[in-house]
Amino acid sequence: MRSVMRRVTTMTFSYFLQSPPLPTSPKLFFSPRQFSLFSLLPLPNQRFITPSHSSRLRLRGFSTKSIPKMQDSGAVSYLTHREAAEIDETLMGPLGFTVDQLMELAGLSVATSIAEVYKPSEYSRVLTICGPGNNGGDGLVAARHLHHFGYKPSICYPKRTAKSLYTGLVTQLGSLSVPFVSVDDLPEDLSNNFDVIVDAIFGFSFHGAPRPPFDDLIRRLMSLQNNEHIVPKRPVIVSVDIPSGWHVEEGDHEGGGIKPDMLVSLTAPKLCAKRFCGPHHFLGGRFVPPQVAEKYKLELPSYPGASMCVRIGKPPKVDISAMRVNYVSPELLEDQVETDPTLQFRKWFDEAVASGLRETNAMALSTTNKDRKPSSRMVLLKGFDENGFVWFTNYESKKGSDLSENPCAALLFYWESLNRQVRIEGPVERISEAESENYYHSRPRGSQIGAIVSKQSSVVPGRHVLYDEYEELTIKYSDGSVIPKPKNWGGFRLKPNLFEFWQGQPSRLHDRLQYSLQDANGNSGWIIHRLAP
Ligand SMILES: NC(=O)C1=CN([C@@H]2O[C@H](COP(=O)(O)OP(=O)(O)OC[C@H]3O[C@@H](n4cnc5c(N)ncnc54)[C@H](OP(=O)(O)O)[C@@H]3O)[C@@H](O)[C@H]2O)[C@H](O)CC1
Ligand SMILES: Cc1cc2nc3c(=O)[nH]c(=O)nc-3n(C[C@H](O)[C@H](O)[C@H](O)COP(=O)(O)O)c2cc1C
Ligand SMILES: Cc1ncc(COP(=O)(O)O)c(C=O)c1O
Ligand SMILES: [K+]
């Protein structure tokens, strides 16, 4: 094969054993004044995170990445006001953190939580209302990150703190030309000017009844929800750590407070979060060292991969019929594309790789059998050039048997974040044994053995059957000797006679450029047609 692409590592699915849950109720072991580094040492009846615990956490993180895990609220610890304050003191005392650091991480978590749910293409206008304490500081940091993520934040920060941390955050926002709006200049009805309102007014040190001007701002947030039936689209409310005005432990106990759509709990949810009924509960503040988690018996979900936030709480109920994205992309014009579709594919493929997409080379392969019954599955593209598009599989699999009955197929790529789809169709043939041999031996040895073990598409009595044979062969080839390629394993090459490049556009008026291979005077060439979306 001319250009076997460098292998893209696929993530193998890992099962994990769930060990018994850690106790869920946090316990106090010291008062803030008694606290010292000594109190981080395990008491006789306490456990530090042992290797088995940490590996459990790691494995859980892995599983969270594989399948987004929605934590039931029962599995998460909730903090009292006092515990939250103590943990803060611990982090910023013996554990060596500074408030600047924690605030930066907290604000980043808020911004990334927002970006997970409310995309800037639809929710760009963000008003961040900042209170006088650290919760307000989290809001300032979040606004800065949101600006860098492509949102258009504005800030309302009526009671400013003179400390350098806060004046610095204000200067940073000023240098990005993020506007500051006074309470008087804010419209009474916030529904027309903003898509998202970040409530960074009060955090866990809120007490009593809100004083001016925050009482009025909280009232405006409440009236947004009361006007819901009159306005076509109200802004969503994202509360940082505590929905402002709620009692830190009892929540909205009188039922008249704000009802945020998203709550981003920091470090661990506070008791009031048990009363949160909105669709999106996230956890942020990925800085809890194991000593603190252990001391407070914190049961917290793992953060997936490198993420700064993780969803907790029940998954939102969705109206599937209302799920849609309005695509906004640069136009795809006839005079801008390559005349050769393979070159155009190369261009888009490279852009998809550069955009950071995982498994850009994953494609749906559709085949039909002799009864014209279609069948689709994903495979990995392993190379392409003017001779065709290559993938590898078992020749005796369902797809292999379909292709021997009807050697024609369709390939489909969907690169979601780029609003792009590519369709490729044409006849299929097996690649040479030498090419297959060559590729087979470039794969990890485990996958080579996997290909021997798997009589692909046949019924297996249980996973153990595969495992047992895999173990046996792993021992057999542990000396590093060549693992012979099974005769029935190899590559297919599709030689395209049709390509379609699709670029999503607003109002479903997408761009579709179809390349078809046409014969003219004994020569074949590509003709481009625009198709109606
Ligand atoms: N470890 C973490 O998770 C971190 C969390 N962070 C964030 O910090 C807040 C807690 O910050 P804190 O400064 O302790 O408190 P608040 O932001 O809640 O605000 C206190 C200020 O609010 C005033 N206040 C209190 N009640 C009222 C009221 N009823 N009306 C008006 N103003 C009120 C208070 O003034 P007082 O005079 O009453 O004392 C303070 O000025 C936490 O929730 C997280 O969001 C950190 O960013 C990082 C680590
Ligand atoms: C992202 C992805 C990539 C895959 N790549 C391949 C591949 O390159 N070759 C393959 O045989 N199966 C691959 N599979 C597994 C196939 O989707 C399918 O389960 C298997 O080939 C059996 O299909 P069949 O019974 O229709 O022949 C992949 C699955 C996924 C989700
Ligand atoms: C069954 C099967 N075969 C082959 C492949 C392709 O693997 P590789 O990239 O090692 O060639 C995959 C990828 O997911 C697969 O699931
Ligand atoms: K808040």
Side-chain angles (χ1 to χ4, degrees), residues 4-13 79 81 84-92 97-107 109-110 130-142 159 161 165 199-215 217-218 239-242 244-245 247-248 264-270 283-285 287-288 292 358-359 361-367 375-382 390-403 439-440 442-444 446-448 450-451 453-454 456-458 489-492:
V4 172
M5 284 172 21
R6 203 151 52 86
R7 207 182 150 271
V8 173
T9 314
T10 58
M11 188 158 69
T12 44
F13 197 88
L79 301 177
H81 162 251
E86 262 184 32
I87 289 176
D88 240 25
E89 280 183 44
T90 310
L91 291 168
M92 289 185 267
F97 286 94
T98 64
V99 64
D100 308 34
Q101 271 184 299
L102 298 181
M103 194 176 280
E104 188 62 32
L105 292 168
S109 308
V110 172
C130 299
N134 288 350
N135 198 259
D138 295 348
L140 296 172
V141 173
K159 289 262 183 263
T161 311
L165 165 59
D199 150 33
I201 305 176
F202 299 126
F204 61 62
S205 299
F206 171 72
H207 50 92
R211 298 189 295 272
F214 300 109
D215 52 350
L217 288 165
I218 291 173
S239 286
V240 178
D241 209 20
I242 309 280
S244 296
H247 189 280
V248 175
V264 185
S265 292
L266 296 166
T267 306
K270 316 304 167 297
L283 179 69
F287 44 62
V288 181
V292 168
R358 208 168 75 101
E359 296 214 295
N361 60 332
M363 57 185 186
L365 161 70
S366 299
T367 55
S375 177
S376 298
R377 80 287 292 149
M378 301 299 291
V379 292
L380 293 181
L381 176 69
K382 288 291 161 170
V390 173
W391 67 93
F392 290 86
T393 193
N394 187 312
Y395 290 139
E396 287 165 13
S397 64
K398 161 75 177 145
K399 70 182 97 49
S401 110
D402 276 11
L403 286 169
Y439 175 69
Y440 179 82
S442 76
R443 304 174 78 214
S447 308
Q448 295 183 41
V453 167
S454 170
Q456 200 176 47
S457 317
S458 66
W489 198 94
F492 282 109

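Both ligands and their constituent atoms are indexed starting at 1 by order of listing.
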With heavy atoms of E359 as the reference, note each atom of ligand 2 found under 4.0 Å away. 1 (C)
Does atom 34 (C) of ligand 1 have a protein heavy-atom neighbour under 4.0 Å away? no
How does S205 reach ligand 1, by side chain, by backbone, by both or by neither, if only non-hydrogen atoms under 4.0 Å count? both
Does G400 reach ligand 2 with a nitrogen or oxygen that is under 3.5 Å from one of the ligand's nitrogen or oxygen atoms? no
Determine yes or no for a side-chain-to-main-chain donor-acceptor pair under 3.5 angstrom, with Y440 supplying the side chain and Q448 the backbone. yes
Nearest-contact summary for atom 16 (P) of ligand 1 - protein heavy atom, Å: G203 N, 3.6 Å
Between A200 and ligand 1, find which residue part has any heavy-atom pair under 4.0 Å and reply side chain, backbone, both or neither. neither
Only heavy atoms of R377, strictly under 4.0 Å: list the atoms of ligand 2 that pass. 16 (C), 17 (O), 18 (C), 23 (O), 24 (P), 26 (O)
May I ask you to list the atoms of ligand 2 that are less than 4.0 angstrom from any heavy atom of S397? 27 (O)
For atom 29 (N) of ligand 1, the closest protein heavy atom turns out to be H207 O, 2.7 Å
Keeping E104 on the side-chain end and V141 on the backbone end, is there a donor-acceptor pair under 3.5 Å? no
Could you tell me, atom by atom, which parts of ligand 1 come under 4.0 Å of a heavy atom of M103? 47 (O), 48 (C)
Output the list of atoms in ligand 1 that are nearer than 4.0 Å to some heavy atom of P132, sorted by atom number. 21 (C), 22 (O), 23 (C), 41 (O)
Please check if the side chain of H81 supplies one atom and the backbone of F204 the other of a donor-acceptor pair under 3.5 Å. yes
Minimum heavy-atom distance between A200 and G139, given as atom pair plus value: CB-CA, 3.6 Å
Interatomic distance, CG@D241 vs NZ@K270, rounded to 0.5 Å, equals 3.5 Å
Ligand 3 atoms nearer than 4.0 angstrom to some heavy atom of Q456 are 1 (C)
Any sub-3.5 Å donor-acceptor pair from S397's side-chain atoms to G400's backbone N or O? yes
Rounded to the nearest 0.5 angstrom, the CG-CG distance for L365 and L403 is 6.5 Å
Answer yes or no for K382: is there a heavy-atom contact with ligand 3 below 4.0 Å? yes
Output, in order, the C-alpha distance, side-chain angles, deciding distance and verdict of side-chain contact (heavy atoms from CB on, under 4.5 Å) for F214 and K159. CA-CA 9 Å; F214 300 109; K159 289 262 183 263; 3.8 Å; yes
Looking only at non-hydrogen atoms, the one of L380, L381, T393 nearest atom 10 (C) of ligand 2 is T393
Identify the closest protein heavy atom to atom 24 (N) of ligand 1: which residue and atom is it, and at what distance? F202 CE2, 3.9 Å
What I want to know is whether Y439 and ligand 3 share at least one N or O pair that is separated by under 3.5 angstrom. yes
Do M378 and E359 come close enough that some side-chain heavy atom pair is under 4.5 Å? no
Contact with ligand 1 for D138, non-hydrogen, under 4.0 angstrom: yes
Verify side-chain contact (heavy atoms from CB on, under 4.5 Å) between T367 and R377, making sure each step is shown before the conclusion. CA-CA 9 Å; T367 55; R377 80 287 292 149; 3.1 Å; yes
Going by the atom numbers of ligand 1, which of them fall below 4.0 Å from some non-hydrogen atom of D88? 1 (N), 2 (C), 4 (C), 49 (C)
Pairwise distance OG(S244) to CG(N135) - rounded to 0.5 angstrom: 6.0 Å
Any idea which of H81, K270, E104, R211 brings a heavy atom closest to atom 36 (P) of ligand 1? R211
Do any N/O atoms on V99 end up under 3.5 angstrom from N/O atoms on ligand 1? no
Consider ligand 3: state whether an atom of it lies below 4.0 angstrom from any non-hydrogen atom of W391. no
With heavy-atom distances below 4.0 Å as the criterion, list the atoms of ligand 2 near S457. 24 (P), 25 (O), 27 (O)
Under 4.0 Å between heavy atoms, the region of F392 that gets near ligand 2 turns out to be backbone
Counting from 1 in the order shown, the ligand 1 atoms closer than 4.0 Å to a non-hydrogen atom of L102 are 48 (C), 49 (C)
Only heavy atoms of D241, strictly under 4.0 Å: list the atoms of ligand 1 that pass. 42 (C), 43 (O), 44 (C), 45 (O)
Give the atom numbers and elements of ligand 1 that come within less than 4.0 Å of a heavy atom of T267. 1 (N), 2 (C), 3 (O)
Sub-4.0 Å atoms of ligand 1 with respect to non-hydrogen atoms of P210: 29 (N), 30 (N)
With heavy atoms and a 4.0 Å threshold, my read on which part of N135 contacts ligand 1 is both
Applying side-chain hydrogen bond (donor to acceptor under 3.5 Å, both in side chains) to T393 and K399, what does each step give before you reach the verdict? CA-CA 9 Å; T393 193; K399 70 182 97 49; 2.8 Å; yes
Evaluate the side-chain contact (heavy atoms from CB on, under 4.5 Å) criterion for residues S454 and N394: first the C-alpha distance (whole Å), next the side-chain angles of each, then the deciding distance (0.1 Å), finally the verdict. CA-CA 9 Å; S454 170; N394 187 312; 5.5 Å; no
Region of Q456 engaging ligand 2 - heavy atom pairs below 4.0 Å: side chain
To the nearest 0.5 Å, what is the distance between CG (L102) and CE (M92)? 5.5 Å
Relative to each other, are the rings of Y439 and W489 parallel, tilted or perpendicular (30° and 60° limits)? parallel
Could you go through T267 and F287, starting from their C-alpha distance and side-chain angles, then the distance that decides it, and tell me whether this counts as side-chain contact (heavy atoms from CB on, under 4.5 Å)? CA-CA 8 Å; T267 306; F287 44 62; 3.4 Å; yes
Enumerate the atoms of ligand 1 whose separation from the nearest heavy atom of A209 is less than 4.0 angstrom. 28 (C), 29 (N), 30 (N)
Using atom types as modelled and distance alone, determine if a side-chain donor or acceptor of D199 lies under 3.5 Å from a backbone N or O of S239. no
Is it the side chain, the backbone, both or neither of L266 that has a heavy atom closer than 4.0 Å to ligand 1? both
Rounded to the nearest 0.5 Å, how far does CG of L266 lie from CD1 of I87? 12.0 Å
Starting from atom 13 (O) of ligand 1, what is the nearest protein heavy atom, named by residue and atom, and what distance separates them? N134 N, 2.8 Å
Nearest neighbour in protein (non-hydrogen) for atom 19 (O) of ligand 1: G133 CA, 3.7 Å
To the nearest 0.5 Å, what is the distance between CD (E86) and CG (L79)? 10.0 Å
Check each of K399, R358, K398 against atom 22 (C) of ligand 2 and report the one with the nearest heavy atom. K399
